[in-house]
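Each remark here refers to the structure printed beneath this line.
Note that the numbering runs from 1 along the sequence shown for the chain.
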Amino acid sequence: MIREIRTEKIIQAVRDLCIEANTDIGEDLLKAYEEGMNAEESPIGKEIFQQMLENARVAREKKLALCQDTGLVVVFADMGQDVHVTGGDFYAAIHEGVRRGYLEGYFRSSVVEPITRKVSGDNSPAIIHVTIVPGSRLLLNVIPKGFGGENFSKVVLFPPSVGMSGVMDFIIETIRNAGSSPCPPIIVGVGIGGTMEKAAIMAKRTLFRPLGSSHPDPVVAGLERTLLDEINKLGIGPQGLGGKVTALDVHIETFPTHIASIPVAVNIQCNSHRHKEVIL
């Protein structure tokens with residue numbers, strides 16, 4: 001049976017998600033902060049974790065932005081094939097939800113035209129990825145993506161001869177070169193396989209996975225653990241001031257690819273790892 005969802009409901013949902021994501025960090029990230037503080041040996045690193053926890057508390061209580069970089073909004077929408085959007089254009093509804101969320105939340109508008117650098121004034125438009133799935137529900141995942149981490153993200157297409165050891169070296173080297181710029185401790189999303197754009201989208205989508213979770217494939221889960229260990233041996237530490245905890249988690253997603261290539265994407269997320277979701 002076809003289920004109708006009005007665009008006004010989508011606008012309101014995206015508006016609320018933008019405000020919640022910018023002011024209220026998830027419980028999994030708060031737990032990761034506390035675990036990171038306990039694991040960190042550097043005194044200044046521990047102090048930074050304490051300040052991050054205090055920042056999260058104040059932002060939640062006072063409804064203030066967690067970070068001055070309120071990001072470019074990325075929306076992943078899983079649209080049930082039995083959903084019919086009524087009352088207007090689906091994409092326009094998401095852009096309108098972002099506009100209302102940023103204006104009514106009093107968040108900085110960070111979106112500009114790429115050539116003229118003219119500011120949009122309301123942080124629209126969003127980057128939207130839609131996946132058609134079975135069922136009659138609409139899942140909306142919203143992430144205000146800060147560009148401290150985004151600027152140091154990478155995509156490369158390797159020849160198969162580099163093997164998985166070459167892929168691992170590339171990922172670790174990407175984090176080493178990023179250093180303190182992405183505001184560590186970071187979360188690392190990795191996409192391996194598909195095409196150039198598929199790898200990049202997978203890398204970003206893994207950022208929605210709960211921190212502390214493992215990939216269901218034990219081989220991939222093993223790669224995630226190895227990468228997390230190796231990245232934390234780099235000594236970059238919280239805010240790049242040295243320490244044991246450079247990354248809070250590494251998430252990998254894979255997809256079949258061509259025999260002639262190994263596409264790899266690394267998407268870096270800063271410590272202000274904001275994202276929210278809702279099912280309509």
Check for a donor-acceptor pair, side chain of Asn267 on one end and backbone N or O of Ser153 on the other, with a separation under 3.5 Å.
-> no
Hydrophobic cluster membership, Val155 vs Ile192, 4.5 Å side-chain cutoff = no
Using the ring pair (Phe, Tyr, Trp, His ring centres under 6.0 Å) rule, collect all pairs that involve residues 182-228, keeping only residues at least two apart or in two chains.
-> Phe76-Phe208, Phe208-His275
Taking the side chain from Asn151 and the backbone from Phe147, do they hold a donor-acceptor pair closer than 3.5 Å?
-> yes
Determine which pairs satisfy salt bridge (Lys or Arg N to Asp or Glu O under 4.0 Å) with at least one residue from residues 265-280, sequence neighbours left out, and list them in order.
-> none
Nearest heavy-atom approach of Gly121 to Leu103 is O-CD2, 3.8 Å
Given Val190, Val264, Val162, Leu227, the one that forms side-chain contact (heavy atoms from CB on, under 4.5 Å) with Met168 = Leu227
Within-4.5 Å side-chain heavy-atom neighbours: Glu104 and Arg15 | yes
Tightest non-hydrogen contact, residues Ala247 and Val188, listed as CB-CG2, 4.4 Å
Would Val58 and Tyr33 show up in the same hydrophobic cluster when neighbours are defined by side-chain heavy atoms closer than 4.5 Å?
-> no
Flag yes if Val245 and Ile171 sit in one hydrophobic cluster, no otherwise; membership is Ile, Leu, Val, Met, Phe, Trp, Tyr, and two members link when side-chain heavy atoms are under 4.5 Å apart.
-> no
Decide yes or no for Met37 and Leu53: does some side-chain heavy atom of the first lie under 4.5 Å from some side-chain heavy atom of the second?
-> yes
Among pairs that include at least one residue of residues 176-195, which meet salt bridge (Lys or Arg N to Asp or Glu O under 4.0 Å), considering only residues two or more places apart or in two chains?
-> Glu173-Arg176
Compare all side-chain heavy atoms of Leu223 with those of Met164 and state whether any distance is below 4.5 angstrom.
-> yes
Between CD1 on residue Ile201 and OG1 on residue Thr195, distance to nearest 0.5 Å | 8.0 Å
Is any side-chain N of the basic residue among Asp69 and Arg108 closer than 4.0 Å to the acidic one's carboxylate O?
-> yes
What pair of heavy atoms forms the shortest contact from Ser136 to Asp82, and how long is it?
-> CB-CB, 4.0 Å
Gln269 versus Ile143: any side-chain heavy-atom pair under 4.5 Å?
-> yes
Considering only Ile, Leu, Val, Met, Phe, Trp and Tyr, and joining two whenever side-chain heavy atoms are under 4.5 Å apart, list the other residues clustered with Met79.
-> Ile5, Ile10, Val14, Leu17, Ile19, Val73, Val75, Val83, Val85, Phe90, Tyr91, Ile94, Val98, Tyr102, Phe107, Ile128, Val130, Ile132, Leu138, Leu140, Val142, Val278, Leu280
Any chance you could measure Ile252, atom CD1, to Arg225, atom CZ, to the nearest 0.5 Å?
-> 10.5 Å
Could I get the full list of side chain to side chain donor-acceptor pair (under 3.5 Å) partners for Thr7, not counting sequence neighbours?
-> none
Mind running side-chain contact (heavy atoms from CB on, under 4.5 Å) on Arg60 and Leu30 for me, showing each step along the way?
-> CA-CA 12 Å; Arg60 176 181 285 180; Leu30 289 174; 3.7 Å; yes
Minimum heavy-atom separation for Asp28 to Leu211, with atom names?
-> OD2-N, 3.0 Å
side-chain contact (heavy atoms from CB on, under 4.5 Å) evaluation trace for Lys154 with Asn177 | CA-CA 11 Å; Lys154 301 287 183 188; Asn177 292 336; over 6 Å; no
Decide yes or no on side-chain hydrogen bond (donor to acceptor under 3.5 Å, both in side chains) for Gln51 and Glu47, but give the supporting numbers first.
-> CA-CA 6 Å; Gln51 291 181 10; Glu47 172 63 24; 3.0 Å; yes
Without hydrogens or angle criteria, can the side chains of Asp16 and Gln12 be said to hold a donor-acceptor pair below 3.5 Å?
-> yes
Indicate, with yes or no, if Met52 and Ile187 share a hydrophobic cluster defined by side-chain heavy-atom contacts under 4.5 Å among Ile, Leu, Val, Met, Phe, Trp and Tyr.
-> yes
Are any of the side-chain heavy atoms of Glu40 and Pro238 separated by less than 4.5 Å?
-> yes
Would you say Ile236 and Leu248 are hydrophobically clustered, going by side-chain heavy atoms of ILVMFWY under 4.5 Å?
-> no
Taking the side chain as every heavy atom from C-beta outward, state whether Val111 and Ser124 have any atom pair closer than 4.5 Å.
-> no
Can you sort out the partners of His251 under ring pair (Phe, Tyr, Trp, His ring centres under 6.0 Å), two or more places apart, ordered by chain and number?
-> none
Got a salt bridge between Glu253 and Arg205, using NZ or NE/NH1/NH2 to carboxylate O under 4.0 Å?
-> no
Do any N or O atoms from the side chain of Thr246 and from the backbone of Asn232 form a donor-acceptor pair under 3.5 angstrom?
-> no
Please assess His95 against Arg99 for the test side-chain contact (heavy atoms from CB on, under 4.5 Å), listing each intermediate value before the final yes or no.
-> CA-CA 6 Å; His95 298 318; Arg99 191 185 73 80; over 6 Å; no
So do Asn123 and Ser109 actually touch side chain to side chain, heavy atoms under 4.5 Å?
-> yes
What's the shortest heavy-atom distance between Cys18 and Gly101, and which atoms?
-> CB-CA, 4.3 Å
Residues Glu27 and Lys31 bridged, charged N to O under 4.0 Å | no
Correct closest heavy-atom pair for Ile268 and Pro182 would be CG2-CB, 3.7 Å
